[in-house]
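Working notes, beginning with the structure itself.
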Amino acid sequence: RYLTDVKAKVPVLFYNRRLVAHARLDAIRKGGIKIIIDIDDDVVLGPDHMLYAAYQRAGVTQALIGNIQRADVVLVTNTCLADRVRPYNPNIVLVPNALPFDEDQFTRTEPWEDRKIIYAGGVTHFDDLKIIQSCVPRNHMVIAGNEEKSPQWARIRSLYSFARFKPVRPVCSYMDVYDGHAI
């Protein structure tokens, strides 16, 4: 919404995550259109990731690598991710995650919750939560993003039986889950 007055000097296809058929990308490039792909997750999932088997069956990793190889520029959020992408495409631009702080849902609040620590992430972060489970103060933890009917979320609820859970929120208000928390 902040790029309304930007005029590209050349035609550009800019996309994130979505896989585009390699033949289509080749045709787009042949037509003189520049391709920019925004990557904010690791390119190759480890075998312990819950989506690993599905990615392998569907060829998602190889398709993503092919997309990265065909891009004129790859945007990444940090240097570690840049190092993971560089073998497939050296034309990397580092663009740290940047939210419009102090606008809409992206405003700071003073801590007021009795449970000061919140983790807000997707169900694919089970292993991340497992790493910190033993060191989180038991009476201070909230986990946001919960989906009651999800078997994967049931695993997280079981691991964090001491935590309070907040439901998943729509994209237009997901940051509100942070309100009142200090960490």
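We use all heavy atoms of the structure for the numbers below, so side chains are in, but hydrogens, waters and symmetry mates are not.
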TODO: Run the numbers on Gln152 and Phe126 for side chain to side chain contact (heavy atoms under 4.5 Å, CB included), then give the verdict.
DONE: CA-CA 8 Å; Gln152 292 85 7; Phe126 176 83; over 6 Å; no
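- We find the CD1-CG distance between Ile33 and Leu13 to be 7.5 Å, quoted to the nearest 0.5 Å.
- For His22 against Gln62, the heavy-atom pair with the smallest separation is CE1-O, 4.1 Å.
- With Ser173 contributing its side chain and Asp176 its backbone, the two residues share no donor-acceptor pair below 3.5 Å.
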Task: CA sep, side-chain torsions, deciding dist, call: Arg29, Asp26, salt bridge (Lys or Arg N to Asp or Glu O under 4.0 Å) - done: CA-CA 5 Å; Arg29 286 190 83 185; Asp26 294 340; over 6 Å; no
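- With hydrophobic clusters built from ILVMFWY side chains whose heavy atoms lie under 4.5 angstrom apart, Val123 does not share a cluster with Val171.
- Val95 and Val43 are assigned to two separate hydrophobic clusters, defined by single-linkage of ILVMFWY side chains at heavy-atom distances under 4.5 Å.
- For His49 (side chain) and Leu51 (main-chain N/O), a donor-acceptor pair under 3.5 Å exists by modelled atom type.
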Task: Working for side chain to side chain contact (heavy atoms under 4.5 Å, CB included), residues Lys34 and Ile36 - done: CA-CA 7 Å; Lys34 299 294 183 185; Ile36 301 173; 5.5 Å; no
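- At distances below 3.5 Å, not a single donor-acceptor pair connects side-chain atoms of Asp38 with backbone N or O atoms of Tyr15.
- Nearest heavy-atom pair, Tyr178 versus Ala120, reported as atom, atom and distance to 0.1 Å: OH-CB, 3.4 Å.
- Remark: side-chain polar atoms of Gln133 are paired, donor with acceptor, to backbone N or O of Leu159 under 3.5 angstrom.
- The environment of Lys166 atom NZ is dense: over 12 non-hydrogen atoms of other residues, nucleotides or ligands sit within 6.0 angstrom.
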TODO: Go through the steps to decide whether Ile183 and Ile118 satisfy the test side chain to side chain contact (heavy atoms under 4.5 Å, CB included), and finish with yes or no.
DONE: CA-CA 6 Å; Ile183 301 170; Ile118 186 162; over 6 Å; no
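- Using a 4.5 Å cut-off on side-chain heavy atoms (C-beta onward), His181 and Lys116 make no contact.
- Of all heavy-atom pairs between Gln56 and Thr61, the closest is NE2-OG1, 4.2 Å.
- Val177 and Val168 are not part of a single hydrophobic cluster, where members link through side-chain heavy atoms under 4.5 Å apart.
- Using modelled atom types and a 3.5 Å distance limit, the side chains of Asn67 and Gln69 yield no donor-acceptor pair.
- Tyr174 does not carry Arg169 over the face of its six-membered ring by the limits of under 6.0 Å from the centre and within 45° of the normal.
- In this structure a side-chain-to-backbone donor-acceptor pair under 3.5 Å is missing from Asp42 to Leu45.
- Tracing side-chain contacts under 4.5 Å through hydrophobic residues (I, L, V, M, F, W, Y), one never reaches Phe14 starting from Leu94; they form parts of separate clusters.
- Annotation for Val44 and Arg84: closest pair O-NH2, 3.7 Å, computed over non-hydrogen atoms.
- The neighbour count for Arg155 CZ, taken as heavy atoms of other residues, nucleotides or ligands under 6.0 Å away, does not exceed 12.
- When all heavy atoms of His125 and Asp128 are compared, the pair lying nearest together is ND1-OD2, 2.6 Å.
- The environment of CZ in Arg18 is sparse: at most 12 heavy-atom neighbours from other residues, nucleotides or ligands sit within 6.0 Å.
- Between Met141 and Ile117 the shortest side-chain heavy-atom distance falls below 4.5 Å.
- Considering Asn16, Leu64, Ile92 in turn, Leu64 is the only one that fulfils the side chain to side chain contact (heavy atoms under 4.5 Å, CB included) rule with Ile39.
- Residues Leu19 and Val60 have side chains in contact (heavy-atom distance under 4.5 Å, counting atoms from C-beta outward).
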Task: Check against side chain to side chain contact (heavy atoms under 4.5 Å, CB included), Ile35 and Leu25 - done: CA-CA 8 Å; Ile35 299 170; Leu25 287 177; 3.7 Å; yes
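- There is no path of hydrophobic side-chain contacts, each under 4.5 Å, that joins Ile68 to Val73.
- No side-chain heavy atom of Val93 sits under 4.5 Å from any side-chain heavy atom of Val74.
- Within 6.0 Å of CZ on Arg24 lie no more than 12 heavy atoms contributed by other residues, nucleotides or ligands.
- Inter-residue side-chain proximity for Ile37 and Leu75 is flagged as unmet; no heavy-atom pair is nearer than 4.5 Å.
- Asp40 and Thr77 get closest at one heavy-atom pair: CB-CG2, 3.9 Å.
- Using a 4.5 Å heavy-atom threshold, the side chains of Ile156 and Leu129 count as touching.
- For the pair Tyr119 and Tyr160, the minimum side-chain heavy-atom distance is 4.5 Å or more.
- Although no hydrogens or angles enter the test, the distance criterion places no donor-acceptor pair under 3.5 Å between the side chain of Asn89 and the main chain of Val85.
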